[in-house]
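Protein chains get the first letters and strands the later ones, always in sequence-line order, with residue 1 at the start of each.
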Protein chains: 2
Amino acid sequence: MPLKSGRVPPATITRLSLYARRLEELKTARTTVVSSDRLASLCQVNPAQIRKDLTYFGEFGVRGVGYYVEELLFQIHKIIGLNRVWNLGLVGVGNLGTALACYENFSKRGYLFSAAFDNDPRKIGTKLPCGLIIEPVERLIATCRELDIEIGAVATPAERAQEAVDLLVSVPVRAILNFAPAQVQVPEGVEVASVDFAGHLDRLAYHLTSR
Amino acid sequence: MPLKSGRVPPATITRLSLYARRLEELKTARTTVVSSDRLASLCQVNPAQIRKDLTYFGEFGVRGVGYYVEELLFQIHKIIGLNRVWNLGLVGVGNLGTALACYENFSKRGYLFSAAFDNDPRKIGTKLPCGLIIEPVERLIATCRELDIEIGAVATPAERAQEAVDLLVSVPVRAILNFAPAQVQVPEGVEVASVDFAGHLDRLAYHLTSR
DNA sequence: TGGTGTGAACAACTTCACAGCG
DNA sequence: CGCTGTGAAGTTGTTCACACCA
């Protein structure tokens with residue numbers, strides 16, 4: 001949020017997230033200071049990259065010393081927006097959706113599934129292992145507004161992904177995590193992150209094929 | 001596989017995978033010919049990008065016409081290695097692992113979960129909804145060799161990810177899809193694709209925070 | 001004519017190398 | 001003295017613009 005200079009490369013944000021998770025581990029291990037060299041080797045990136053990434057937002061280190069773990073972690077959390085709780089709404093409660101809603105690594109980091117929607121009448125009213133009760137998709141707009149849901153997670157079949165996204169956008173939800181294997185359209189200002197299982201697997205297959 | 005010129009950008013492979021999936025849809029829709037402009041709009045990329053990507057592997061189009069959908073799809077499948085079946089081994093059968101093993105989009109594209117391993121004694125011998133029977137991790141090396149497993153999927157807790165990877169590497173498995181929220185080390189020649197849920201969510205949170 | 005294939009221009013990102021400071 | 005912060009150099013990836021050909 002301080003944002004010292006102009007545009008921040010998307011890749012920088014992705015790495016900031018990575019740094020945060022390694023710093024979390026260092027903090028747990030009671031490490032108080034870390035150099036860009038050390039953090040870089042933990043993250044498998046170039047040390048200069050870390051220093052450059054941070055300069056987009058300010059100066060967080062001490063020359064001749066390094067970075068204070070707790071302080072740097074605090075700053076990165078503030079930049080990303082991890083100093084608060086985010087309410088998520090899940091659309092499509094199949095095997096994958098259920099696993100996601102109950103995945104503890106999300107809640108640990110402040111991402112809370114607060115509502116789940118499906119259009120299978122047999123699922124409505126059912127309680128997930130994590131305690132969430134499945135609501136009909138017709139309730140999506142009302143519930144998302146009521147519960148302050150700002151991030152949507154789409155885990156429907158491919159054919160249903162676009163309509164789920166359209167609904168979320170109309171709430172309005174301006175950030176969507178898409179697990180469905182489909183390309184979805186959103187208006188300006190809405191950010192979509194697609195978790196592309198097929199893309200990852202295809203890259204692995206290519207690696208094995210091209211040798 | 002034809003590989004006309006030197007190094008292929010990783011991003012090109014990721015896009016090839018994307019093109020393949022859109023072409024699959026075009027084929028299903030009985031479309032026989034597609035221009036780079038049309039395909040580009042379906043994939044939300046620049047048309048020149050598509051043509052450039054393809055030149056790394058050969059010339060697949062017809063000037064003044066475009067690309068024959070079926071032919072181009074065939075060629076891309078051959079490049080990626082999707083003209084065959086890949087056997088996958090799953091390590092860590094929690095909620096997420098179960099959802100993955102039973103996820104039909106994998107098998108549809110030739111990625112077949114052929115074995116699943118866990119170290120919880122209560123799970124061993126249990127059958128997953130998809131029919132797979134969970135084996136003890138001690139059986140991993142033997143089973144992977146026996147079943148020709150070339151791709152590993154790691155869905156263990158973070159603390160267990162590195163040991164799962166080490167085991168897979170010793171099979172040897174040279175391609176690993178990692179769902180655990182941990183940075184893992186692999187030797188030269190082994191490719192890891194990490195499905196980084198936290199990274200995606202953090203990017204979305206940043207998007208919402210920085211405005 | 002119309003759309004591909006591609007060198008050349010451009011833009012973005014990464015790494016280097018070192019000045020500057022605690 | 002050591003490690004950060006950063007301009008400049010280097011590298012990689014993307015887009016343009018047009019020659020070329022079915």
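A close approach under 4.0 Å does occur between a side-chain nitrogen or oxygen of B:S36 and OP1 or OP2 of C:dT4. A sub-4.0 Å separation between OP1 or OP2 of D:dG2 and a side-chain N or O of A:Y67 is absent. Between B:R15 and D:dT14 there is a side-chain N or O to OP1 or OP2 distance below 4.0 Å.
Following rounding to the nearest Å, A:N46 (CG) and D:dG5 (P) show an atom-to-atom distance of 15 Å. One can place OH of A:Y56 at 9 Å from C1' of C:dA12, the figure rounded to the nearest angstrom. Here the C1' atom of nucleotide D:dG13 and the CZ atom of B:R51 are 16 Å apart, to the nearest Å. Remark: P of C:dT4 and CG of B:L39 are 10 Å apart, rounded to the nearest angstrom. Atom C1' of nucleotide C:dA9 and atom NZ of B:K52 are separated by 11 Å, given to the nearest angstrom. Rounded to whole Å, the distance from CD on A:Q49 to P on D:dC3 is 20 Å. To the nearest angstrom, P of D:dT4 lies 14 Å from CG of A:D53. A straight line from CG of B:L54 to C1' of C:dT6 spans 13 Å, rounded to a whole angstrom.
Atom CG of A:N105 sits about 11.5 Å away from atom CG of A:L100, to the nearest 0.5 Å.
Contacts between residues 188-201 of chain A and DNA chain D, defined by a heavy-atom separation below 4.0 Å, involve no residue at all.
The side chain of A:A11 sits closest to C:dT14 out of C:dT6, D:dG13, C:dT14. Comparing atom distances between the A:P10 side chain and each of C:dC16, C:dG5, C:dC13 picks out C:dC13 as nearest. Candidate nucleotides C:dT6, D:dC3, D:dC21 were compared by shortest atom distance to the side chain of A:R63, and D:dC3 ranks first. For B:E59, counting side-chain heavy atoms from C-beta on, the closest listed nucleotide (C:dG22, C:dA17, C:dT6) is C:dT6. Closest to the side chain of B:S35, from the set C:dT4, D:dA17, C:dG5, is C:dT4.
In this structure, B:F197 has its ring center under 6.0 Å from that of A:F179.
Counting heavy atoms of neighbouring residues, nucleotides and ligands inside a 6.0 Å radius, atom CZ of A:R30 does not exceed 12 of them. Counting heavy-atom neighbours within 6.0 Å of A:R211 CZ, excluding the residue itself, gives a total of 12 or less.
Using a 3.5 Å distance cut-off with no hydrogens or angles, the side chains of A:T32 and A:E70 do not pair a donor with an acceptor. For the residue pair B:R51 / B:T55, no side-chain donor-acceptor distance below 3.5 Å is found, with atom types taken as modelled.
Of the residues near DNA chain C, A:V62 and A:T12, the one whose nearest nucleotide (by heavy atom distance) lies more toward the 5' end is A:T12.
Side-chain contact between B:S35 and B:L39: absent, with no pair of heavy atoms (C-beta onward) separated by less than 4.5 Å.
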